[in-house]
Amino acid sequence: MPELPEVETICRDVRRHLVGARIERVRVLKPDVLRGIARQAFERHLTGRRFRSVGRRAKHVVMALDDGRRVVIQPRMTGSLLVAEADGTKDPHVAIQVRLESGKRLLYRDVRRLGAVFLLTPGEWGAYHAGLGPEPLAPTFTRSRLGALLAIGRLAVKKAIMDQRRLAGIGNIYANEALWLARIDPSRPARAIDATETRRLHRAIVDILSRAIASKGTTLRDYRTGLGARGRFQSRLAVYGRRGERCRRCRRRIVLTHAIDGRATYFCPGCQR
DNA sequence: CATGACACCTGCTCGC
DNA sequence: TGCGAGCAGGTGTCAT
């Protein structure tokens, strides 16, 4: 569920509680969220370590430890990370609890348990990082880089901007919203997007992600910030979840289709070409 | 290599 | 009220 703005919000919220803090105890309650490491090894490795930094890459939370390894969390559809004051192990959906020296708990909660948690060496992190596309909010993400990643292959533009190897962090909600902002039909072949449209799409992507972060993300169902609050961007969505409502630009009714990759695609047939 | 189908899970909503 | 079907913000694997 969480896309770039939601994960960014989570990181900002939990960072100040974690950086420099010593890990007193780790409890993995749902071992199937761990990838490539067993429960005991994960718990043993983290206990006694300190968090050195908390950051985001694509839609993933990256927490560096003082031994150089990194805990990487992919929340996927229903995962959430939050700092709590009290024990969370009674909550049936808490997969991992990390108790800090402050007494606070870092909880990884995941109703569907589709999320994934990794413990990576510096070398493994390098490969992980390299497998993801550019960060859309980094200064290095330019119009020409967007143009280059759209030019390859024959897939729909919506699929192209959601492909994490091409561009990191955009999911279904913000893909729909960015394409509406840019007035581009989501089903258009990516390679057919011209320079003017690429310019509009670049601006739309940066704009929608920045504004969503400023609103602490979009809460439709499960998503919560790192402090357990709801995001506010859902009230700003122009097309996502608004089938049958009128386009705020041209007054035509918003259409829903599942023709692209089987995912919900909302668009305005009046002004998205 | 690109692409599409499917799997992974649970919970919620809707129609009957 | 109960029940089955369909759906959900993501990503990895497998066959073609």
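Hydrogens, waters and symmetry mates are skipped; everything else that's a heavy atom, side chains included, is used. Each chain gets a letter, A, B and so on, in the order the sequences are listed, and its residues count up from 1.
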- Query: C:dG9 base to A:Arg221 side chain: any donor-acceptor pair below 3.5 Å?
  - Reply: yes
- Task: Run the ring-centre check on A:His60 versus A:Phe118 and record whether the distance is less than 6.0 Å.
- Result: no
- Message: For a quick check of understanding: with a heavy-atom distance under 4.0 Å over all strands, which category does A:Ala116 fall into, base, sugar-phosphate or nothing?
- Response: nothing
- Message: Please report the distance, rounded to the nearest Å, between CG in A:Asp110 and C1' in B:dT10.
- Response: 10 Å
- Rounded distance (Å) that lies between atom C1' of C:dT11 and atom CG of A:Asp261: 11 Å
- A:Glu197 vs A:Arg273, salt bridge (charged side-chain N to carboxylate O under 4.0 Å, His left out): CA-CA, chis, key distance, verdict: CA-CA 10 Å; A:Glu197 294 167 328; A:Arg273 301 305 179 130; over 6 Å; no
- Message: Measure CD/A:Gln74 against P/C:dT13 and give the value in whole Å, please.
- Response: 11 Å
- Message: Nearest whole Å is fine: how far is B:dC8 P from A:Leu34 CG?
- Response: 19 Å
- Message: Is it the case that the base of B:dA2 and the side chain of A:Arg154 share a donor-acceptor contact (distance under 3.5 Å, atom types as modelled)?
- Response: no
- Any side-chain N or O of A:Arg112 less than 4.0 Å from the OP1 or OP2 oxygen of C:dG9? no
- Query: Distance check: side-chain N/O of A:His258 vs OP1/OP2 of B:dG4, anything under 4.0 Å?
  - Reply: no
- Here the distance between atom P of C:dG10 and atom NE2 of A:His60, to the nearest Å, is 10 Å
- Base-pairing assignment for C:dG9 (Watson-Crick or G-U wobble, both under 3.5 Å): none
- Take the protein atom CG of A:Leu114 and the nucleotide atom C1' of C:dT13, then report the distance between them rounded to whole Å. 15 Å
- Query: For A:Lys59 and C:dT11, is the shortest distance between a side-chain N/O and OP1 or OP2 below 4.0 Å?
  - Reply: yes
- Closest to the A:Tyr240 side chain: C:dA8, B:dG4, B:dT10? C:dA8
